[in-house]
Amino acid sequence: MLYCAFPECESQVVSQSIFLVCLISPQHPFTSHEFSSYVKKKKLLKNYWNTLNFIYVHTEAVQAALAKYKERKMPMPSKRRSVLVHSSVETYTPPDTSSASEDEGSLRRQGRISSTPFQSHSNVEPWLNRVIQGSSTSSSASSTSSHPGGKSAAASNTNHSAPPDVTTGLVEYLHHERPQVASVRGVPRGYSSSILETADGVPVNSRVSSKIQQLLNTLKRPKRPPLKEFFVDDFEELLEVQQPDPNQPKPEGNQVNVLKGEPLGVVTNWPPSLLAALQRWGTTQPKAPCLTALDTTGKAIYTLTYGKLWSRSLKLAYTLLNKLTTKNEPLLKPGDRVALVFPNSDPVMFMVAFYGCLLAELIPVPIEVPLTRKDAGSQQIGFLLGSCGVTLALTTDACQKGLPKAQTGEVVTFKGWPHLIWFVIDGKHLAKPAKDWHPQVRDASSEIAYIEYKTSKEGSTVGITVSHASMLAHCHALTQACGYSEAETLTNVLDFKREAGLWHGVLTSVMNRMHVISIPYALMKVNPLSWIQKVCSYKARVAVVKSRDMHWSLLAQRDQRDVSLSSLRMLIVADGANPWSISSCDAFLNVFQSRGLRPEVICPCASSSEALTVAIRRPSELGGPPPGKAVLSMNCLSFGVIRVDTEEKLSVLTVQDVGQIMPGANMCVVKVDGTPYLCKADEVGEICVNSGASGTAYFGLLGITKNVFEAIPVTAAGMPVSDQPFTRTGLLGFVGPDYLVFVVGKLDGLMTVSGRRHNADDVVATALAVEPMKFVYRGRIAVFSVPVLHDDRIVLVAEQRPDASEEDSFQWMSRVLQAIDSIHQVGVYCLALVPANTLPKAPLGGIHISETKQRFLEGALHPCNVLMCPHTCVTNLPKPRQKQPDVGPASMIVGNLIAGKRIAQASGRDVSQLEDNDQARKFLYLADVLQWRAQTTPDHPLFLLLNSKGTVASTASCIQLHRRAERVAVALMEKGRLNVGDHVALVYPPGVDLIATFYGCLYAGCVPITVRPPHPQNLATTLPTVKMIVEVSKSACILTTQAIMKLLRSKEAAAAVDIKTWPTILDTDDMPKKKLASVFRPTSPDMLAYLDFSVSTTGILAGVKMSHAATSALCRSIKLQCELYPSRQIAICLDPYCGLGFALWCLCSIYSGHQSILVPPLELESNVSLWLSAVSQYKVRVTFCSYSVMEMCTKGLGTQTDVLRGVNLSCVRTCMVVAEERPRITLTQSFSKLFKDLGLSARAVSTTFGCRVNVAICLQGTAGPDPTTVYVDMRALRHDRVRLVERGSPHSLPLMESGKILPGVKVIIAHTETKGPLGDSHLGEIWVSSPHNATGYYTVYGEEALHADHFTARLSFGDTQTMWARTGYLGFLRRTELTDASGERHDALYVVGSLDETLELRGMRYHPIDIETSVIRAHKSIAECAVFTWTNLLVVVVELEGSEQEALDLVALVTNVVLEEHYLIVGVVVIVDPGVIPINSRGEKQRMHLRDGFLADQLDPIYVAYNM
C-alpha cells in the first residue's frame, strides 16, 4: 500500500503554493484516496494553480542559508601584480655563500627574487605575531633536531607558544634540542621592532600574513566530525572508512510492487509498421505538410509534404542499394550501419535520410556534425562508428563543404574515426528508381531499426539499438499518452536526431500525419521567443521544449505583447525530471497564463536513452490525475530515503511529478547498488521499465547490455517479480500518490561522497540560487566528482561573465560553498570559474560534462578563478601519529640482538695499516708539500683552467704556484700588515689566482676564507652575503682583483651595503716580485688551516674550522680512494668556494701531485658542452661535477647532440656528483642514458656524500663494487622506519648508495633522540668519526660549546668512548651481498635527507624532495617545485614553464597529488615564473630563502591559492 503525508504547516506552504507529497510520515498516514479527499477539502489544488506569485523555494532556502553565515572573511587568492621594487636585502636569508651570487651560482635559472620595501604591519593577531617570531629557522614545524644554524635574536626567545595546529588538532611542540649558531643577518638600518618578522628577522609582508591568518581562522571552524573506523592501506597509515551513522534515516514503508500502466488501446487501422504509415500518407495524402524548416531569421524556408518525403526517401533508398559500388560489388547490403551527419538547421534532409535508410533496410546512426578535429567527445563518436562498422556517411552539400578537408580535397579523417565515404543526398545526386523496383515495406520486426548514441558519465559513447517493433510500439504509446490526432501541428525545439526530439518530431509525427514546425538551435540563440511566436502563428496544439527554452523565453518576453498560447493543449517539457525544471515551469506559467496558457497544459516527462519515454504527465482532457509537488528533505534524500521536510526549511528539494507511466509498460523501483531488490515505498531507487517500447541493447556490448536491458528485479525474499526482463532507466525516483512518478536525479549525475549520495543537478540548482546569473551563466555550470584519496570529491565549474570583477566572483564562490555546505551538508572540493565560452559544449548548447572533467583532471581547463577546499572535504586522512614513549637505547640494542640484527656501523679502509704512512707524516702541512713539489718537480703542471671556448685560459706548474704564493704572502705582511692567525677573505672568480692566494695565506700564517665574488648585475642580492661572510669570519683583509675591488667600493655597492666598513682591500693583480724571507710553519697540526663557509639549504650561514691535520687527512683519503698520482689527470666542474668542491680545486692536486683540469661551471652557460668536451679531449679517467652541471648537460645537450661530434667518453672510469643530499637517481640515470652512445659506461656515474662536519664521507672512487639501489616504502620513512619493498610496488622510493665510505672514515647510525646505536637497515642520524672531521663551528660570539655536540657527540649506550660528529642527515646502513677489495661484505650507506629540511606534519616526518617529486610529475608544465611549512600549513611553490593561463590548472593537480601520495593537505599553492626558486651552486634548493621571499611578498607570483 502506498502511504503519503501532509504536514501541518499549511499557511506557509499554501502561501508558497507548494503541494507537498511524501510517502511516509508518522503524523499523517493516508491512503491515496484519503489523500485526494484531504486535498479537495483544503481546496489546495485550486489555490496551487491560481496562485501567480509563486516563490521558488530553493532560491529562498539558499538566501536563508547564506544569511545564517556571518560574513566570514576568506583569504582571496592573489594574482600577479608585476612590480619590481628594490630595497635593502640584508634582512632575508642569504643565498648559499657557495653561491653568494645567485645568478652566478645558479647554472640554469635566470629569474631571481626581487625584494620589496618593508611595510608597517598592524592589526595582526597577537598569536600569529608570536608564532612568527618563535618559529624555528628551518620550516616552522621542521625537525626535532635543527642542525647547525645561525641563531638570531628572536630565536633565542624559545618559550613563545607555537600556533595551534589547526590542520590536525594536535598540539605541536617546537623542539630546541640543538641551540642555534649566531645570526648571520644584520638588522637593517632604521628597522622598527613593530614590523612583523620571522625568527630570522625576515619581514613578513602584511598582505601575505593577513591572508594566511584569514586561512587559519577559516580552518579553525569545527570540521565535520572525524570518522570513527579505519581500514589498513596495506601499511601502518590507516585511512578512515565511512561508517554508517546510527542515526541516519532508514526506509520504513512497505515494499512497492510492480506498477502496471494502462493497456495499449486497440486502434482499428493502426499501420503494421512506421514505414507502412509513411507509405500510406505519402500516397493518399501527398500534399499534406509534414515538416516546416525555418532559417535563423525565423522565416519558413521549406515545407516538406508527405508525398515529397515518400518520393525522396524512395530515391535515396534506391540509390544507396543500387548506385553505390566498390569494385563492382554493392557498397551496402541490408543491415549495414550508415552515419547520418546533418546540422541542426536541416531537419528536412535528415528526415529524408532517416526514412531512406529504413526503406533500404539500412540502419541509420544519427550523429553530430564534427566541426573541428578537437570537438568535445568527437573521438568517442569515432569509436562508436568504428565499432558499428560504419563506412558511409550521409550529409548535405552545404554541410560537406563546411567540413575540414585534407590536401586531396577529401574530408579529413577525424581523430579516432574510421575512414568514411561521404555521400551528399541533395536531389541531383539521387537516381530515379527503376520502374520495376519497389521497396519491401515489411511489418515491424525485432530487427534493428536505428541506433541512437549516448555519452556516459565517464565520456564513453555507446550506441543504443532500437528495433522496428519497439519504434512502432513507442509511437503507439506516445500517441495514446499525448492524445495525438491526425493533422495536428507540433512545434519542436529539441534536437531532432535523438531522444524526445526524434521520438515526437520525426517518428510519432509521421505515424499520425502531423505537421512539425522545427525550430533550429541557431534561431533560438538569436530569438529565444521564436518557438512561442511559431506556436501562435501556426496555432500549434503541441510544443516539445526543454526547461532552458522556457527560461530563455521568459528573459525575452517583455518585448512581445501580442503572442497567444491558447492553441496549446500540451507543452511537453522533455527534461521535466531535472530539479530546476520546476522553477522554469512555474515561472513560465506565471508570465504566460495571461496570454492564454492554461495551467494543465504543462506536461513534464521523464525519459532515458535506454528505456525511451518512461513517464509523461497527461493533459487533463485525457483523464490524468492532478499534478503533484514534493518538498523533500535533502539530507534524507542523500541516504536514499524520502521524508517531507518538517523542521529544516532550508535543506529541501522541491520536485514535480512527471506524470504516470507509459501505456503498455510495467514499472518498478529497485535498489541502486548490487542485486535489483525492490525498494520500499519511502525509498529512492532506480526506475526500471518492462515494455515493448524500449531500447533493446548497447550495440556490440553484450556484458553491459545484460546488466541494463535484462535486469530481473527481485523481492526481499529473492523471488523474481516477473518472468520478463526489465530495462534500467538510469533515473532515480519513487512512485507517489495516484501512481504519479517522481524523479529526483540521474545515475549519471550521482556523486557518492562519504557514503551519502548527492545529485549533480541539485548542486547546480543550489549554485544557481546564489545571486542567480549575476556572475555566471545559468546553463554553463558543470558539477561532477573526482576520486581523490579513496572517496569522491565534488568539483563545480562555471563560466564567469566577462563583466564580473575578481572580488565579486570570489565573493560568489565563497557564498556558493556556504550554500552547498548548508543545504546539502557536503563540502565542495574545488570550485573553478572559467572565462565565458571556454567550456566544451554538448552539441546543442549545454556543457559536455565528461570532457570538462577530463580537462580538469589533465590540467587543461584553464580557469580564471579557483578555490580549493580540501580542509573542509577531506575527513578520511590517517590518524596523526602519536609519538610512542621513548624506548631506551639499551632496549634497542637488546631488541636488535634478539632480532639477529647487527649494529649499523661501517668503516672505510684502515689508514694506519697503509703503506704511505711515512709520506703522510711528511705531508702534514700543505704549505710544506707545495714547497717540496716546487723543489723536486718544479715544472710539473698542476692546474689547467679552461675558458668557455675550451681553450686554456691559464696554467700553473709547481714552481709558478709557489712563487705566486710567496708574492701574496709578502703583500699580506707588508701592505696588509697582517699578523699570524689573522683571517683573510679571498674574493676571486674561479681560477688559479684563488689557489695561489690560498697558499699565499698559508705561507704568511694567515687563515684564508674563500668567498664567491658578487655578481655585477645583481649586487643588491649578492653583495650582502659577501659582506656577511667577511664580518662573521672577522676577516682583517680582503684579497681580490682590481675589477672586483672597484665593484666593492662602487656607488651601486653603497646602495646595498655600508662600504665604509670593509676591512683593508688588497688587489693582487700587480704584486712586486719579492722573495719571502721564510714560510710560516704551524706549531701544531691542530692549528687552524682555513675556514669553510657556506649557507645550508635551510638558510643558515655557518663556517667550519679545518685544522692542518684534518686538511691533509682529507687529501690523503681522497688520494687513496681515487688512486691519484702525479701522472693522473682529473677534470673538475665544480664551484671552488666550499666543501668538497673547494678541496678538489685547491688542496688535492698539491697533495697528490695530479693535474687538475679546472672547468668553471659558469662557463657552461655560454658553452654547455665544455665539460664533456674537455673530459674527452684530455682522456680523463676521473671527473667531478655538481647536480647543476649534470642537469645543464642533460637539458642543454639532450636536444642538440650535434654539438658533441667527436666527443668520446669511454675513457671515464668514474664521474662523481659532489652533493650534500640524497642521490638524485632520476637525474643520474637520464644523464647515463643520454650519453651512453658517446661511450659513457652506465657504471661510471656515482655520487658522493659530505656535509658541514665532514666534507667527504663517501666517494665512489676507482675500485670497489658498483653503487647499489634499494626500494623503500615511503610511508614507512614518515614513521622513521625502513621497509624494503620490490621495485615498482606502490609508494616505493628508490634510494641509491652514496658512494663508498672513504679510508679512515667510520660511520654509525644513531637514534635522533635517544642517541643510542641502531640496527642494520634502521633509519637514524648518520654519525661520522674520521681524522678529517672539521674541528668545530666558527661563530661570532665564540659559542662553540653550545655546538660541541655536533663535533663531539658520544653514544648513550654501547661504545660510549668514541667521539663522533653528527651530520644532521637521516640515513641507514645495509650489509649487501657484494664484497669489497678486502674480501669483506660491503656495507652500503643510504642517505635519506637532511634532518633540518624535514617537515613534521601530523606527527610524521616528511622529506620535501618526496613531496616535490610527486608535484613535478603532476603536470608537464611544472618545471620545478619547492615546499616548506608556515604556521603548520604546507606551502607548495611551483614554477610554471608554459603560458600563464595554465597557472590555475596546477592548483587542483598539486593538491590532489599531495593528498593521494602523501596524505597531506596543501595549505597554500604559489605559482611562480621559472627561475624563482633559489638554487645554490651545488644545485640544492634553498627552501628557507624561498620561504622568506614568499612571506616578504617578493616572489611576484603569477597566482597564490589559499586552500580552505
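Just so you know, these numbers come straight off a predicted model, no measurement behind them. Residue numbers run from 1 in the order of the sequence given.
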Colleague: Check the pair F423 / L430 against side-chain contact (heavy atoms from CB on, under 4.5 Å), numbers first and verdict last.
Modeller: CA-CA 10 Å; F423 181 65; L430 302 183; 4.2 Å; yes
Colleague: Using a 4.5 Å cut-off on heavy atoms from C-beta on, say whether the side chain of V669 contacts that of C688.
Modeller: no
Colleague: List in chain and number order the residues that pass side chain to side chain donor-acceptor pair (under 3.5 Å) with Q480, two or more places apart in sequence or in another chain; answer none if no residue qualifies.
Modeller: E262
Colleague: Could you check whether any side-chain heavy atom of K746 comes within less than 4.5 Å of a side-chain heavy atom of K457, counting everything from C-beta outward?
Modeller: no
Colleague: Quick one: are L385 and Y453 in side-chain contact, heavy atoms under 4.5 Å?
Modeller: no
Colleague: Show me the pairs that pass salt bridge (Lys or Arg N to Asp or Glu O under 4.0 Å) and involve residues 264-290, at least two apart or across chains.
Modeller: none
Colleague: State whether E361 and K333 are salt-bridged, where the test is any N-O pair (Lys NZ or Arg NE/NH1/NH2 against Asp/Glu carboxylate O) under 4.0 Å.
Modeller: no
Colleague: Should the heavy atoms of other residues, nucleotides or ligands under 6.0 Å from NZ of K546 be counted, would the total exceed 12?
Modeller: no
Colleague: Write out all pairs satisfying salt bridge (Lys or Arg N to Asp or Glu O under 4.0 Å) with one or both partners inside residues 378-397, taking only residues at least two apart or from two chains.
Modeller: D397-K401
Colleague: Please check if any side-chain donor atom of N492 sits under 3.5 Å from a side-chain acceptor atom of S518, or the reverse.
Modeller: no
Colleague: Aromatic rings F350 and F496: how do their planes relate, parallel, tilted or perpendicular, breaks at 30° and 60°?
Modeller: tilted
Colleague: Is it the case that more than 12 heavy atoms not belonging to K454 sit under 6.0 Å from its NZ atom?
Modeller: yes
Colleague: Under a plain distance cut-off of 3.5 Å, with no hydrogens placed, do E499 and S609 share a side-chain donor-acceptor pair?
Modeller: yes
Colleague: How far apart are the C-alpha atoms of L731 and V614, what are their side-chain angles, what is the distance that settles it, and do they pass the side-chain contact (heavy atoms from CB on, under 4.5 Å) test?
Modeller: CA-CA 9 Å; L731 300 173; V614 175; 4.0 Å; yes
Colleague: Please tell me whether T465 and T696 have a donor and an acceptor in their side chains that are separated by less than 3.5 angstrom.
Modeller: yes
Colleague: Test of understanding: with side chain to side chain donor-acceptor pair (under 3.5 Å), list the residues that count as partners of S311, not counting sequence neighbours.
Modeller: none
Colleague: Is it true that the side chains of S691 and S694 contain a donor and an acceptor less than 3.5 Å apart?
Modeller: no
Colleague: Nearest 0.5 Å please: distance from the SG atom of C357 over to the CG atom of L394.
Modeller: 5.0 Å
Colleague: Supply the atom-to-atom distance L750 CG to D761 CG, rounded to the nearest 0.5 angstrom.
Modeller: 11.0 Å
Colleague: In terms of the angle between their ring planes, are Y484 and H504 parallel, tilted or perpendicular, with boundaries placed at 30° and 60°?
Modeller: perpendicular
Colleague: Does the side chain of V714 reach to within under 4.5 Å of the side chain of V721, using non-hydrogen atoms?
Modeller: no
Colleague: Scan side-chain atoms only and decide if H468 and S446 contain a donor-acceptor pair under the 3.5 Å cut-off.
Modeller: no
Colleague: Pair F709, F726 - check ring-ring contact (aromatic ring centres under 6.0 Å, His included), show working.
Modeller: CA-CA 6 Å; F709 293 92; F726 278 66; over 10 Å; no
Colleague: Testing the 3.5 Å rule here: is there a donor-acceptor pair between the side chains of E447 and S467?
Modeller: no
Colleague: Using side-chain heavy atoms (C-beta onward) and a distance below 4.5 Å, is K841 in contact with I847?
Modeller: no
Colleague: Is a donor on one side and an acceptor on the other found under 3.5 Å between the side chain of R618 and the backbone of Q660?
Modeller: yes
Colleague: Kindly indicate whether the side chain of Q380, heavy atoms from C-beta on, has any atom under 4.5 Å from the side chain of T455.
Modeller: no
Colleague: Could you list the residues that satisfy side chain to side chain donor-acceptor pair (under 3.5 Å) with R513, not counting sequence neighbours?
Modeller: E486
Colleague: Quick one: does W281's side chain have a donor or acceptor within less than 3.5 Å of a partner on V510's backbone?
Modeller: yes
Colleague: Do NZ/NE/NH1/NH2 and the carboxylate oxygens of K497 and D495 come within less than 4.0 Å?
Modeller: yes
Colleague: Would S581 and Q656 count as a side-chain hydrogen bond (donor to acceptor under 3.5 Å, both in side chains) here? Give the steps.
Modeller: CA-CA 8 Å; S581 66; Q656 61 185 350; 3.2 Å; yes
Colleague: Name each donor-acceptor pair under 3.5 Å that joins a side chain in residues 314-321 to protein atoms two or more places apart or in another chain, with its distance.
Modeller:
residue	atom	partner	partner atom	Å
T319	OG1	K315	O	2.7
T319	OG1	A431	N	3.0

Colleague: State, with a plain yes or no, whether a side-chain heavy atom of R337 is found less than 4.5 Å away from one of I451.
Modeller: yes
Colleague: Can V341 and I367 be said to form a side-chain contact (heavy atoms from CB on, under 4.5 Å), step by step?
Modeller: CA-CA 6 Å; V341 185; I367 58 168; 3.8 Å; yes
Colleague: If we ignore angles and hydrogens, is there a donor and acceptor under 3.5 Å between the side chains of D575 and S547?
Modeller: yes
